[in-house]
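Accompanying notes for the structure given below.
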Amino acid sequence: MVALDARLQSLKTGQPQQDALVELFTALAAKAHDVSRIISAGGELGNTIGDQNADGDAQKALDVMADDEFLEAAKVSGVVAAYCSEEQDSAVIIDESAPLIVAIDPLDGSSNIDVNVSIGTIISVLPNPGGDLQQSAMQTGDQQLAAAFFVYGPQTTLYLTTGNGTDLYRMDPVSGVFLLIEEGIEIPEDTSEYAINASNARQWFTPVQRYISDLLLGDEGPRERNFNMRWIGSLVADAGRIFNRGGVFLYPGDRRPKYENGRLRLIYEANPVAFLVEQAGGAATDGTTRILEKSPTEIHERTALVFGSKTEVRWVGSYEAETRQGLDQSPLFSHRNLFRS
Ligand code: AFP
């Protein structure tokens, strides 16, 4: 099997920013090995440390530890100009002349740290645009040079794209070497499996309520087949399942304060996942707009996120369109809705 380093070397094009990916992901993979060993050893990793991140989320010991580790990796790589992290209020400037910008969720799935459920690290890599580096991550997702996420689970895996398809690597637990196990993943276009936090059903806006209600009606409803549901609470774990067997993931906006644009962050969660998913033949939107075309206005900006099997992402878009056009009020659409009297 091909090791990550050899694969990255084979992807070199002579273009400086593209070639810098080799140094970057070599450093990131080495740190992921360290983080996976810290997680496997257990300990007080899920304890809150009394601080909050920029969005007011309580920080846990592992959130901060992972952020320290991956910031160090960015510095050691020698190719990162600015490091934009969920755990940092603003961009950490490293070397203004370096070719790359890193945007990262160092530890995704913090609520699962103490219960031995898969968690991960999500990474977006952008070109250094020059100018004010505090604004350097404010680029559309289409500008990404690479995207990746590590999953720290029964296996430690890496999903990585540099724009030539999405590949899956598995880490050898002893050597820490990431070995290529699937080249050019293809997400099935159709699925009967969806992922959403159903406890928020009363908070969803009409289109998502109608879409999920019709899935729940199964073969007695307009979709004329039954569906299954999974929700792990770690984006990387739900995404890994979707890469493996298809599915559709939804974290929509809802009526809760601060959740009108959902929970997930555009720059270091939705954009990298969307790049990986599209490179695997899937789709990623905010329900209506393609994620990779959205223009960020601040580092920790949230976005609704719907991604996975292309057909189901399109179905969600059709429910959004019906509501925008007022069509969901017409008798044609007056079928039973489980969430409305
Ligand atoms: P945490 O890192 O704060 O646990 O958030 C994880 C996450 O951003 C994403 O990984 C999950 O899909 C989503 O939140 C789970 O959100 P809910 O806890 O609201 O279901």
Side-chain angles (χ1 to χ4, degrees), residues 35 39 45-67 69-70 84-88 103-124 147-153 157 159 193-205 208 212 229-243 247-274 276-277 284-287 291 299-308 313 316:
V35 171
I39 292 167
L45 303 173
N47 291 357
T48 53
I49 58 170
D51 292 342
Q52 292 180 340
N53 65 17
D55 212 46
D57 296 334
Q59 287 184 311
K60 299 188 174 177
L62 188 58
D63 285 320
V64 175
M65 197 184 296
D67 189 46
E69 292 286 330
F70 285 106
C84 307
S85 166
E86 180 176 45
E87 305 306 330
Q88 304 274 349
I104 186 169
D105 179 1
L107 204 288
D108 168 70
S110 306
S111 60
N112 284 325
I113 291 173
D114 287 332
V115 292
N116 197 26
V117 169
S118 296
I119 51 183
T121 299
I122 309 172
I123 299 145
S124 170
F149 61 81
F150 294 97
V151 184
Y152 312 112
T157 55
Y159 293 80
E193 191 163 71
Y194 67 98
I196 194 167
N197 182 336
S199 70
N200 298 321
R202 69 186 184 284
Q203 308 286 5
W204 299 331
F205 298 118
V208 171
I212 298 296
M229 195 195 105
R230 287 285 183 274
W231 185 252
I232 299 174
S234 294
L235 171 58
V236 294
D238 283 311
R241 185 191 58 255
I242 289 171
F243 278 110
V248 61
F249 174 104
L250 303 90
Y251 209 115
D254 64 47
R255 294 178 173 83
R256 290 175 290 170
K258 288 181 64 179
Y259 278 77
E260 61 277 1
N261 289 313
R263 176 190 176 103
L264 300 173
R265 274 64 170 196
L266 174 58
I267 289 177
Y268 43 77
E269 289 176 324
N271 271 344
V273 169
L276 288 155
V277 164
T285 71
D286 62 7
I291 290 291
I299 290 180
H300 302 294
E301 171 175 334
R302 295 186 185 202
T303 179
L305 179 60
V306 179
F307 72 85
V313 175
V316 176

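Numbering of ligands and ligand atoms starts at 1, following listing order. This structure is a prediction, so every number in the text was calculated from the model and none was measured. Throughout, residue positions are numbered sequentially from 1 according to the sequence presented.
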Legend entry - Test item: side-chain donor near acceptor, N271 and S124, under 3.5 Å: no
Legend entry - Main-chain N/O of P106 paired to T121 side chain as donor or acceptor, under 3.5 Å: yes
Inset, instruction - Examine the proximity of ligand 1 to L235 and report which part, side chain or backbone, both or neither, has a heavy atom under 4.0 Å away. - result: both
Legend entry - Distance from atom 11 (C) of ligand 1 to nearest protein heavy atom, with residue and atom: G233 O, 3.4 Å
Legend entry - Region of F249 engaging ligand 1 - heavy atom pairs below 4.0 Å: side chain
Inset, instruction - Find all atoms of ligand 1 within a distance of less than 4.0 Å from any non-hydrogen atom belonging to W231, and give their numbers and elements. - result: 12 (O), 15 (C), 20 (O)
Inset, instruction - Apply side-chain contact (heavy atoms from CB on, under 4.5 Å) to I291 and F307, showing your working. - result: CA-CA 9 Å; I291 290 291; F307 72 85; over 6 Å; no
Inset, instruction - May I ask you to identify, for D238, whether its side chain, its backbone, both or neither come under 4.0 Å of ligand 1 on a heavy-atom basis? - result: neither
Inset, instruction - May I ask you to check whether G109 has an N/O atom sitting below 3.5 Å from an N/O atom of ligand 1? - result: yes
Legend entry - Exercise: do Y259 and R255 side chains pair donor with acceptor under 3.5 Å: no
Inset, instruction - Write out the residue and atom name of the closest protein heavy atom to atom 19 (O) of ligand 1, then the distance separating them to 0.1 Å. - result: Y251 OH, 2.7 Å
Legend entry - Shortest protein contact, atom 14 (O) of ligand 1 (heavy atom only): R263 NE, 2.8 Å
Inset, instruction - Evaluate the side-chain proximity of F243 to L276: yes if any heavy-atom separation is below 4.5 Å, no if none is. - result: yes
Legend entry - side-chain contact (heavy atoms from CB on, under 4.5 Å) between V316 and T285, worked out: CA-CA 9 Å; V316 176; T285 71; 5.9 Å; no
Legend entry - Any E269 heavy atom less than 4.0 Å from ligand 1: yes
Inset, instruction - Could you tell me the residue and atom name of the protein heavy atom closest to atom 20 (O) of ligand 1, and the distance to it rounded to 0.1 Å? - result: N197 ND2, 2.8 Å
Inset, instruction - Report the part of S111 (side chain from C-beta onward, or backbone N, CA, C, O) that has a heavy atom under 4.0 Å from ligand 1; answer both or neither where that applies. - result: both
Inset, instruction - For atom 8 (O) of ligand 1, grab the closest protein heavy atom and report residue, atom and distance to one decimal in Å. - result: L264 CD2, 3.3 Å
Legend entry - Exercise: identify the closest heavy-atom pair between P272 and I267: CD-O, 3.4 Å
Inset, instruction - Go through ligand 1 atom by atom and flag the ones less than 4.0 Å from a non-hydrogen atom of S234. - result: 10 (O)
Inset, instruction - Say whether, by atom type as modelled, one donor and one acceptor occur between the side chain of S85 and the main chain of E87 under 3.5 angstrom. - result: yes
Legend entry - Parallel, tilted or perpendicular: rings of W231 and Y251 (30°, 60°): tilted
